Amino acid sequence: MERCPSGGEGLVLLAAAAAISLAQGRSTEELECLSAFFSVLGDQLALIAVQRGQSESASQG
């Protein structure tokens, strides 16, 4: 998988479109819950990436 094609601008636009789509027809409480969920999801993905990077560095060194 490529790293953030087009310097990340495409991902920003994709995220904005997804957020707008997910927000349609949802209550404030539902949006707060979705926001918290995706924040936790992003944090966990970042943690997994760090752990993989450390494992790869250790196996190369």
Side-chain angles (χ1 to χ4, degrees):
M1 184 170 150
E2 282 186 42
R3 284 190 159 233
C4 300
S6 304
E9 291 90 350
L11 288 177
V12 171
L13 292 174
L14 179 61
I20 291 167
S21 180
L22 285 169
Q24 289 179 347
R26 304 216 187 260
S27 68
T28 300
E29 291 80 15
E30 289 172 320
L31 292 177
E32 290 170 346
C33 186
L34 282 172
S35 175
F37 171 79
F38 284 113
S39 292
V40 170
L41 178 65
D43 289 345
Q44 295 302 312
L45 289 172
L47 181 59
I48 290 168
V50 167
Q51 289 175 331
R52 284 186 182 176
Q54 289 176 348
S55 295
E56 290 171 2
S57 294
S59 66
Q60 292 176 0

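Quantities reported herein were computed from a predicted structural model and do not represent experimental measurements.
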TODO: Give the other cluster members for Leu41, using side-chain heavy-atom distances under 4.5 Å between Ile, Leu, Val, Met, Phe, Trp and Tyr residues; answer none if it is isolated.
DONE: Leu22, Leu34, Phe37, Phe38, Leu45
Task: Value rounded to 0.5 Å, distance of CD in Gln51 from OG in Ser55 - done: 7.5 Å
TODO: Tell me who clusters with Leu13, hydrophobic residues only, linked when side chains sit under 4.5 Å apart either directly or through other members.
DONE: none
TODO: Measure from the side-chain N and O atoms of Ser57 to the backbone N and O of Gly53, and report whether any donor-acceptor pair falls under 3.5 Å.
DONE: yes
Open item on the list: I'd like to check the side-chain contact (heavy atoms from CB on, under 4.5 Å) partners of Gln44; sequence neighbours left out, ordered by chain and number.
Closed with: Val40, Leu47
TODO: Return the set of residues passing side-chain contact (heavy atoms from CB on, under 4.5 Å) with Ser21 (not counting sequence neighbours), or none when no residue passes.
DONE: none
